[in-house]
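I have placed the structure first, in the form of structure tokens, so that the comments after it can refer back to it.
Quick note: residue numbers are just sequence positions, from 1.
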Amino acid sequence: MKKIKKYTGFEAVAIIITFAVTVFIFSAMAFIVMRGVPYIGEAFRSEEVRFALGLSLRTSLTSTLICMLTGIPAAYALVKTRFAARHLFSVIIELPLSIPNIMLGLSLLLMFSSGIGRALSEHGFRVIFNVNGIIMAHILVNLPFVIRMIKTAFMNVDPKVEIVAGSLGAGRLRTFFLITLPLAKNAVIGAAILAWSRALGEFGATLMLVGATRMKTETLPTSIYLNMATGDTGPAMACAMILLAISGISLMLANFINGEHKKAGRN
């Protein structure tokens, strides 16, 4: 007969609180599912929803690629090198994590309204009220998140292994690609998946920088906003359902890659 596990008072309270939190979050998400599922078929027949989905996918993939290409070397520099002002740079890079997204959008609006922004616009790179602005908003919101996740992964790489590789004649670049990056690859892939999912759902910074114009700067979150504002709840619920499904799948995939299911099973 299997022995019934006994919990301490603290463990029992923690489990009860976890149960209550789970019920609360599940209930909130369940209402989106219940209201959104009936409109899914109608949504995909809507040109506006298809446009919003396509624009969201294009901009989120582009911004995620840029975040990874810049975030990986930046995280490496902050963890594996000892340049002057490294800690100050780290604080500045992670500052957007504690700032509301709408404020980040305002900072971009001010920056690209300045002489630099006007010069870029004159040379063909428009940002304000343009699709490029969506990508810039995604980058500012997600790049600090990506760098922080990858920094943590690089910190967990045993430096002794890198030292051994160096003693065998491998240079810094070769050690990075053959040792450091492969050992951190699960966290790097997980960061990319979560950054892409976050970009799909980004709204505050995007709204401030590019506005909410139907069939021009209309992403999935913007479509929810516009349709709810006009009382057209069907497409709004369908877009919310699409975002919820993508977010859920992304989170499960990221957790699977990082092996969190195995860690939980061992406890």
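A distance of 12.0 Å separates CE in M237 from CD1 in I242, rounded to the nearest 0.5 Å. Interatomic distance, F26 CZ to F19 CZ, rounded to the nearest 0.5 Å: 11.0 Å. Taken to the nearest 0.5 Å, the CG atom of L209 stands 7.5 Å off from the CZ atom of F112. Rounding to the nearest 0.5 Å places CG of L65 at 11.5 Å from OG of S60. Separating the OG atom in S90 from the CG atom in L95 is a distance of 11.0 Å, to the nearest 0.5 Å. A distance of 12.0 Å separates CD in E11 from CD1 in I16, rounded to the nearest 0.5 Å.
Two residues are said to be in side-chain contact when any heavy atoms from C-beta on lie closer than 4.5 Å; N101 and L104 meet this criterion. A heavy-atom distance below 4.5 Å is not found between the side chains of T213 and E218. When side chains are defined from C-beta on, I128 counts as touching S113, because their heavy atoms get closer than 4.5 Å. N130 places none of its side-chain heavy atoms less than 4.5 Å from the side chain of V210. Inter-residue side-chain proximity for M103 and P96 is flagged as unmet; no heavy-atom pair is nearer than 4.5 Å. Using a 4.5 Å cut-off on side-chain heavy atoms (C-beta onward), S107 and L140 make contact. Residues L200 and L243 have side chains in contact (heavy-atom distance under 4.5 Å, counting atoms from C-beta outward). With a 4.5 Å cut-off on side-chain heavy atoms, T230 and L226 do not count as touching.
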After noting the C-alpha distance and the side-chain angles of L244 and V33, does the key distance pass the side chain to side chain contact (heavy atoms under 4.5 Å, CB included) rule?
CA-CA 8 Å; L244 179 61; V33 174; 3.6 Å; yes

Show the numbers, then the answer: is there a side chain to side chain contact (heavy atoms under 4.5 Å, CB included) between W196 and L57?
CA-CA 9 Å; W196 174 68; L57 290 174; 3.8 Å; yes

Between R214 and E47, does the salt bridge (Lys or Arg N to Asp or Glu O under 4.0 Å) criterion hold? Intermediate values first, please.
CA-CA 11 Å; R214 291 187 188 273; E47 183 182 358; over 6 Å; no

Step by step, work out the side chain to side chain contact (heavy atoms under 4.5 Å, CB included) result for L78 and I93.
CA-CA 10 Å; L78 292 171; I93 287 172; 3.9 Å; yes

Hey, mind stepping through T180 and E162 against side chain to side chain donor-acceptor pair (under 3.5 Å) and telling me if it holds?
CA-CA 7 Å; T180 309; E162 296 170 317; 2.5 Å; yes

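Residue A238 comes nearest to I40 through the heavy atom pair O-CD1, 4.0 Å, listed as atom of the first residue, atom of the second, then distance. Heavy atoms only, all atoms of each residue included: P144 and E94 are closest at CB-CA, 4.3 Å. Scanning both residues, S121 and R126, for their nearest heavy atoms gives OG-CG, 3.5 Å. For I150 against A191, the heavy-atom pair with the smallest separation is CG1-CB, 4.3 Å. What you find for I139 and S63 is that their closest heavy atoms are CG1-CB, 4.0 Å. Contact detail for T22 and T18: the closest heavy-atom pair is OG1-O, 2.7 Å.
Residues meeting the side-chain contact (heavy atoms from CB on, under 4.5 Å) test with A85, sequence neighbours left out: L88, F89.
Around CE of M228, the count of heavy atoms belonging to other residues, nucleotides or ligands within 6.0 Å does not exceed 12. For M34, the CE atom counts as densely surrounded, since its 6.0 Å shell holds more than 12 non-hydrogen atoms of other residues, nucleotides or ligands. Environment of CZ in F83: crowded, with over 12 heavy atoms of neighbouring residues, nucleotides or ligands closer than 6.0 Å. Residue-environment remark: CD1 (I116) stays at or below the threshold of 12 foreign heavy atoms within 6.0 Å. Remark: F145 CZ is packed, more than 12 non-hydrogen atoms of other residues, nucleotides or ligands lying under 6.0 Å away.
For the residue pair E202 / T206, a side-chain donor-acceptor distance below 3.5 Å is found, with atom types taken as modelled. For the residue pair T219/T222, the side-chain donor-acceptor check at 3.5 Å is satisfied. In this model, a donor atom of one side chain and an acceptor atom of the other lie less than 3.5 Å apart for S223 and N227.
Here salt bridge (Lys or Arg N to Asp or Glu O under 4.0 Å) pairs that include residues 166-195, with residues two or more places apart or in two chains, number zero.
The aromatic rings of Y76 and F154 stand perpendicular to each other, their planes meeting at an angle above 60°, with 30° marking the opposite boundary.
Residues M241 and L53 share a single hydrophobic cluster, defined by chaining ILVMFWY side chains whose heavy atoms lie under 4.5 Å apart. Residue F125 is grouped with residue L110 when hydrophobic side chains (ILVMFWY) are merged at heavy-atom distances under 4.5 angstrom, including chains of intermediate members. Under a hydrophobic clustering in which Ile, Leu, Val, Met, Phe, Trp and Tyr are joined whenever their side-chain heavy atoms come within less than 4.5 Å, directly or via other members, I249 and L220 fall into different clusters. Both V146 and V188 are members of a single hydrophobic cluster when ILVMFWY side chains are connected at heavy-atom separations under 4.5 Å. I134 and M136 fall within the same hydrophobic cluster, where Ile, Leu, Val, Met, Phe, Trp and Tyr residues are linked whenever their side-chain heavy atoms come under 4.5 Å apart, directly or through other members.
When V141, T64, I193 are each tested for a side-chain contact (heavy atoms from CB on, under 4.5 Å) with R198, only one passes: V141. Shown are L251, N255, L253, N142; of these, the side-chain contact (heavy atoms from CB on, under 4.5 Å) with L194 is made only by L251.
Remark: side-chain polar atoms of T62 are not paired, donor with acceptor, to backbone N or O of T59 under 3.5 angstrom. Looking only at distances, a side-chain donor or acceptor of T81 sits under 3.5 Å from a matching main-chain atom of A77.
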